[in-house]
There are 2 protein chains.
Amino acid sequence: MNDDEILSERKHEILLNAVEEYIQCASPITSSNVRSKGFTDLSTATLRNELNALEAMGYLRQLHTSSGRVPTAKGYRYYVNAIMCDVPLEKSILDEIHAIFENRAVYLDDVVNEIADVVSKATNYPTVVMLKGFEKLQIKNVKIIPLMTGQALILIETNSGIINNLMPIKPNIPNQTYVDASNFLTSTFENKTVADMIKNIEGYRVQMGQELVEFKGIFDTMIQSLKSLSDTIAQKGGVTARGELRLLNSPEYQDLEKAKKVIDVLTNPSEIEQIFEDDMDTDSEVSFKIGSEIPVVDLQDCAIARADYQVDGESIASIGIIGPQRMDYAKIASALKFVVGEFENLKQLDNAKEGDGDNEQK
Amino acid sequence: MNDDEILSERKHEILLNAVEEYIQCASPITSSNVRSKGFTDLSTATLRNELNALEAMGYLRQLHTSSGRVPTAKGYRYYVNAIMCDVPLEKSILDEIHAIFENRAVYLDDVVNEIADVVSKATNYPTVVMLKGFEKLQIKNVKIIPLMTGQALILIETNSGIINNLMPIKPNIPNQTYVDASNFLTSTFENKTVADMIKNIEGYRVQMGQELVEFKGIFDTMIQSLKSLSDTIAQKGGVTARGELRLLNSPEYQDLEKAKKVIDVLTNPSEIEQIFEDDMDTDSEVSFKIGSEIPVVDLQDCAIARADYQVDGESIASIGIIGPQRMDYAKIASALKFVVGEFENLKQLDNAKEGDGDNEQK
DNA sequence: GTTAGCACTCTCTCGTGTTGACTGCTAAAA
DNA sequence: TTTTAGCAGTCAACACGAGAGAGTGCTAAC
């Protein structure tokens, strides 16, 4: 980003040390502070000069004369760019994340919730997950299951979880019709995307042979139902925030008014969407937005870590962690990488497994 | 409860007025305060005497000499017992609650979450819902649906929502077997409870004829899976808390430390269970626990409103609203009554509908 | 039983003074 | 040229005390 200036080796070290220290302790960095953390061969006066210079360059700032210094957004940015090495996560958290992916034959929205839960727990910050492109998931199996309430359950098994939605149905349609319709959809759209199915099913209706005509009514309502699900998700439904309360653990949010402002944003789906508005820089797995880089007014003194789960270059889901600018960037980056990694494993697993099951309904 | 003392008509009126006023304004009640709210024909000195007397009886207390008075737990209790009339809810909230019950052909745990969400929104207080006896729900239909992941979905349609759970399955079992097993279970246990099914299915296994023997493996894992679901729910899984953050709206919880203590309890399933430990007084739809009546240490200056959804005298789910002792008891009572009422409607609807659908799988 | 009047109490707020932690700067030393 | 010691200056944080204001309890009169 702003790599025009090149810091001397010593300034570099001092800055990284200072930011790291501040992330841990949350209290302004003083010259003697820096000295005791690895610069015992220099006097505090010298370090004061260096800190002063770093301040002049915009990496640090003082809250008031005679106070220690805190990193600016530019300072954090420098730190993040410099330190992107992994930090080991607690094993129990890794296991927990892993377990979610193990038992993943649950509904996609549940998966999203659980991921948000676990990531929030792992990082101790509020976490939002946004599902944006479920239509791009690969269909593995489709089932339409009539219920007793005058509705039917649409179950679409995909490579990343089950999509499920309700549709109204007409009475007096024999069950076999639903089974046949399910089998038709499965065999026709297996390994295609949900979007393909929504788009192309109309074409199939036009050229339907005698045996397909009876599905017409079912397909119509089903497509309608999937479209509305897609719309709902596109509008706001695909957003979940979890662990909002963890914000209160940060000393910078002991002030309830400040905390409420952020929490209000997290509770408002359309504002969360803004966070994920633009595409991610595809060259890194995890990206950070710090301070004014965030396109939401009330989050100007926050930082957001983000990772996307991508299929064929398009992101299906985005995970975001919101915290103060003084957040544990290293730990968060490693947690996010791990989650995205689990997603990737999943995909490969599915490709490997492909075609070994005979699950067609009879 | 403590109805030993009988208050004079005037004291009664003053007390109710005072509590109501305090619930609205959250600032200690003064003598002139009471005077302006309907006692203009009395002097503040007289009212001071009355307030003094009410304090001596334990209904009110002063935070310090020369401050106004606030209700004690005993004062709130008196108020709650006296005023149990309904307060109209906002129509939009009624509609929202109603909508949940309309579209209820969703999974039971989702219903629980949504109810907690809506009640919390309606009352503006944190709300917990505890599902305790799903085994007592009436079975309407059972479906076992094999998935591609080596698992099968158990879908049990009941009179109050769908229970769904996963079970592992063995490969190479034809789909028809699952269909047959589903049909067998549905026809055998329709209108029985889930508990009945779990208990009696073993008996059926013993006297299984030739045609049932093939289901043996399926039933075994299914019962195991349902039992573990039942255990999970019994232990802690059936508890959801929603809207914890709304606690921060109350002036008594502006102090973060205080708020965190309560929120910690709400985040801890086993502590929530304690709240619902003892059975409800069956004579009223809504019951309140105030202050020391609550069996949880950290909630001693809270109040909890509770309603149960009962089937055949046994409660299936409990809803609890947690707030400061100064909560809007009337509004909360009416919200809870409405929710429970919707549950009851549901039951009647189901009984009326019984037997009109032909949803057996072919 | 009710009321006016008055003294009393306690919180809340605001201003003041003090302390302690850092810094910036300057001048000498390396 | 870089580093360092020393010192004056700055500011947050805390404690203290005075004054105002709100509300009470009590007493004596109605």
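The structure presented is a predicted model; accordingly, all values stated were derived computationally and were not measured. In what follows, chains are A, B, ... by sequence order, proteins preceding strands, each numbered from 1.
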Interface polar pairs with nucleotides 10-17 of chain D, N/O, under 3.5 angstrom:
from   : atom 1 : to    : atom 2 : distance (Å)
D:dT10 : O3'    : A:T65 : OG1    : 3.2
D:dT10 : O2     : A:S66 : OG     : 2.8
D:dC11 : OP1    : A:T65 : OG1    : 3.2
D:dC11 : O4'    : A:S66 : OG     : 3.4
D:dC11 : O3'    : A:H64 : ND1    : 3.4

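Nucleotide D:dT2 holds its P atom 9 Å from the NZ atom of A:K11, rounded to whole Å. Atom CG in B:L60 sits about 16 Å away from atom C1' in D:dG25, given to the nearest Å. Atom CG of B:L47 is separated from atom C1' of C:dG1 by 13 Å (rounded to the nearest Å). Rounded to an integer number of Å, the gap from CD of B:Q62 to P of D:dA22 is 17 Å. Here the P atom of nucleotide C:dT23 and the CG atom of A:L51 are 7 Å apart, to the nearest Å. Taking atom CZ on B:R61 and atom C1' on C:dC10, their separation rounds to 16 Å, with Å as the unit.
Side-chain contact between A:V286 and A:K337 is present, with at least one heavy-atom pair separated by less than 4.5 Å. A heavy-atom distance below 4.5 Å is not found between the side chains of A:R69 and A:Y22. Annotation: side chain of B:N124 is not in contact with side chain of B:D328 (no heavy-atom distance under 4.5 Å). Counting only heavy atoms from C-beta outward, the side chains of A:L299 and A:V262 approach each other to under 4.5 Å.
Applying the ring pair (Phe, Tyr, Trp, His ring centres under 6.0 Å) test to A:Y76 and every residue at least two apart in sequence or in another chain returns A:Y329. Residues satisfying the side chain to side chain donor-acceptor pair (under 3.5 Å) test with B:R10, not counting sequence neighbours, are B:E50.
The two residues B:R246 and B:S120 make their nearest non-hydrogen contact at NE-OG, 2.7 Å.
Counting only distance, with no hydrogens or angles, the side chain of B:E271 and the backbone of B:L266 share no donor-acceptor pair below 3.5 Å.
Contact check of residues 17-42 of chain B against DNA chain C (heavy atom, cut-off under 4.0 Å) returns B:D41, B:L42.
For the side chain to side chain contact (heavy atoms under 4.5 Å, CB included) with B:I14, the qualifying choice from B:V19, B:V34, B:L7 is B:V34, the only one to do so.
The salt bridge (Lys or Arg N to Asp or Glu O under 4.0 Å) analysis of residues 12-25 of chain A, with sequence neighbours excluded, yields the pairs A:E21-A:K37.
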Given protein heavy atoms under 4.0 Å, the one-letter contact record of nucleotides 25-30 of chain C, with B base, S sugar-phosphate only and - none, is simply B-----
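Listed pair B:T46 / C:dT2 fails the phosphate criterion, with no side-chain N or O lying under 4.0 Å from OP1 or OP2.
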